[in-house]
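To keep things clear, I will list the structure first and then write my remarks on it.
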Amino acid sequence: MTNKKKSLNPETLTAQAMGWLDPAHKSLIPGIFPGTTFEREADGSYAAGRVYTRDHNPGYDQPEELLRHLEGGSEALLFSSGMSAALAVVQALRPGDHLIAPEVMYWSFRNWLLTVGREWGLEVSFVPNGDLEALSAAVIPGRTKLLWLETPANPTWVVDDIAAWAAVAKDAGAHLAVDNTVATPLLTNPLKLGADIVMHSATKYLNGHSDVLAGALVTAADDAFWARVKVNRSAGGAIPGPFEAWLLLRGMRTLHLRVARASDSALAIAQHFEGRAGIRAVLYPGLASHAGHDIATRQMNGGFGGMLSLCIEGGETAAMAVAARLQLIKRATSLGGVESLVEHRASIEGAGTPCPEDLLRLSIGIENVEDLIRDIDQALDGRNS
Ligand code: PLP
């Protein structure tokens, strides 16, 4: 990295994807590398440093380098999905190791920890989000090896103090991994707050167009734990295809515009609907009424993200009816795309979910915010506009 690049702002780095040129053709846009194997020299060496695509596809270099810069880490790795990135971290633990995670977090990963993770011999404790005393009390000296944090946490957007979690991890001699999918590297940089590893579902904001499944990890240090994570990727082969990596980089170039727009609109929507008839609660870290607002104000720079939830008076039936009446906002899972989505999370997550039954999760896209507000208003009113 040149000193010049060091001083550039994240918006500039993302817009130009680090400013790399394809060395063979001087193209501003990289090629796609479908090749799976690379020639070995007569002396047995690999002149280009690449052996096999499972961990050496040239199309990963640029998105990994951009993400490494944005998060301020020492190395970044792409994965085939956010889940495969998360699993590469927990599977670097050993049977009998203890892991602590928050009660509210991405449901599928929580489920994996509760089922397969425990069957594989991991001891897993869940602590209430935002409760640092419970976190400290959950540490098992000598056995707690990983703290997993997601903030703002899906789907209630509870905010946890990353620096405080990092201090507990350090005292315990454990690593702290943070799922930064929702905040994105533009709003929060967990490594700068003391985390060891950052994880992204790159399927969401990093790509931003609901057309790529991908994940990523960024590490602060190239330590022994990271070496085990890397083995999980290169041996397991949970990597994106060459076209997916290319699409991901293209999406990342507009990350700052999309995130800024979604954050502004989400705040406007949260403010508009807070206290409105028919709404029991608006959950959004940008509202002063939100339990994690003070931490979010300290920890998030330039916005509170594009995710919010509306709790609808009348419970599950009323919430489902409001979702059914939306005309513009699409009923679909996932988040972080340019189009706005709504989801009734409790019915997706099923039995045992900590998600309130009256909660509708909204992923705010980049549409005109007045159009979005009008759509939600008419759905709440129960009439067609
Ligand atoms: N983390 C969060 C916060 C998510 O919302 C998701 C997916 O919805 C994941 C991780 C998993 O990512 P992927 O679907 O790319 O495997």
Side-chain angles (χ1 to χ4, degrees), residues 63 67 71 77-91 101-114 116-117 129 148-160 162 177-185 187-188 190 195 197-218 232-233 236-241 244-245 247-248 251-252 259 262 266 283 285 292 300 304-309 330-337 339-346 348-350 353-355 359-365:
L67 190 57
E71 289 289 13
L77 291 178
L78 293 189
F79 285 79
S80 55
S81 67
M83 275 298 282
S84 63
L87 294 192
V89 176
V90 289
Q91 289 176 341
E103 273 166 10
V104 177
M105 61 183 284
Y106 175 55
W107 178 247
S108 291
F109 186 39
R110 182 176 191 267
N111 248 359
W112 187 94
L113 292 171
L114 278 165
V116 185
N129 302 61
W148 184 276
L149 178 60
E150 180 181 316
T151 179
N154 195 350
T156 55
W157 320 116
V158 207
V159 178
D160 264 280
I162 297 172
V178 178
D179 182 339
N180 201 28
T181 300
V182 168
T184 82
L187 304 184
T188 304
I197 293 177
V198 168
M199 173 256 166
H200 284 278
S201 166
T203 316
K204 317 299 185 205
Y205 290 99
L206 292 182
N207 173 61
H209 293 78
S210 308
D211 54 10
V212 167
L213 184 74
L217 296 176
V218 189
N232 286 341
R233 187 183 82 150
I239 47 160
E244 283 72 15
L247 275 177
L248 173 59
M252 284 172 78
V259 170
L283 308 180
M300 301 180 81
F304 298 96
M307 297 302 301
L308 74 141
S309 294
K330 302 282 182 286
R331 289 175 295 278
T333 197
S334 202
L335 56 102
E339 62 286 300
S340 295
L341 305 179
V342 64
E343 191 170 38
H344 182 256
R345 282 303 298 174
I348 291 285
E349 296 184 4
T353 175
C355 176
L359 180 148
L360 290 179
R361 183 182 84 178
L362 289 169
S363 170
I364 301 303

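When a ligand or atom number is given, it counts from 1 through the structure's own listing order.
For atom 15 (O) of ligand 1, the nearest protein heavy atom (residue, atom name, distance) is T203 OG1, 2.6 Å. The protein heavy atom nearest to atom 1 (N) of ligand 1 is D179 OD2, 2.7 Å. Taking atom 5 (O) of ligand 1 as the reference point, the nearest protein heavy-atom neighbour is N154 ND2, 3.2 Å. For atom 16 (O) of ligand 1, the closest non-hydrogen atom on the protein side is M83 N, 2.8 Å. Of the protein's non-hydrogen atoms, the one nearest atom 11 (C) of ligand 1 is Y106 CE2, 3.4 Å. The closest protein non-hydrogen atom to atom 12 (O) of ligand 1 is S201 OG, 3.0 Å.
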| task | Check the pair L359 / E343 against side-chain contact (heavy atoms from CB on, under 4.5 Å), numbers first and verdict last. | result | CA-CA 9 Å; L359 180 148; E343 191 170 38; over 6 Å; no

| task | Kindly determine whether W112 and V90 satisfy side-chain contact (heavy atoms from CB on, under 4.5 Å), including the steps that lead there. | result | CA-CA 10 Å; W112 187 94; V90 289; 3.6 Å; yes

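Contact annotation: for T333 versus ligand 1, there are no heavy atoms closer than 4.0 Å. Residue E150 touches ligand 1 through its side chain alone, judged by heavy-atom distances below 4.0 Å.
Nearest heavy atom pair, residue P63 against residue M252, reads O-CE, 4.0 Å. For the residue pair E150 and Y106, the shortest heavy atom distance occurs at OE1-N, 2.7 Å. Nearest heavy atom pair, residue S201 against residue M199, reads N-CE, 3.7 Å. Here the closest heavy-atom approach between residue L67 and residue P185 is recorded as CD1-CG, 4.0 Å.
Geometrically, ligand 1 and L213 share no nitrogen or oxygen pair separated by less than 3.5 Å. Not one N or O of M199 is nearer than 3.5 Å to an N or O of ligand 1, by distance alone.
In this structure, A214 is part of the shell of residues with a heavy atom less than 4.0 angstrom from ligand 1.
For the side chain to side chain contact (heavy atoms under 4.5 Å, CB included) criterion with I162, the lone passing option out of N180, T151, V198 is T151.
For ligand 1, the atoms sitting less than 4.0 Å from at least one non-hydrogen atom of L335 are 5 (O), numbered in the order shown with element in parentheses. If you number the atoms of ligand 1 from 1 as listed, the ones under 4.0 Å from a heavy atom of K204 come out as 5 (O), 6 (C), 7 (C), 8 (O), 14 (O).
A donor-acceptor pair is defined here as one N or O able to donate and one able to accept, closer than 3.5 Å; such a pair exists between the side chain of S363 and the backbone of G336.
A donor-acceptor contact under 3.5 angstrom links the side chains of N154 and R361, judged on distance only.
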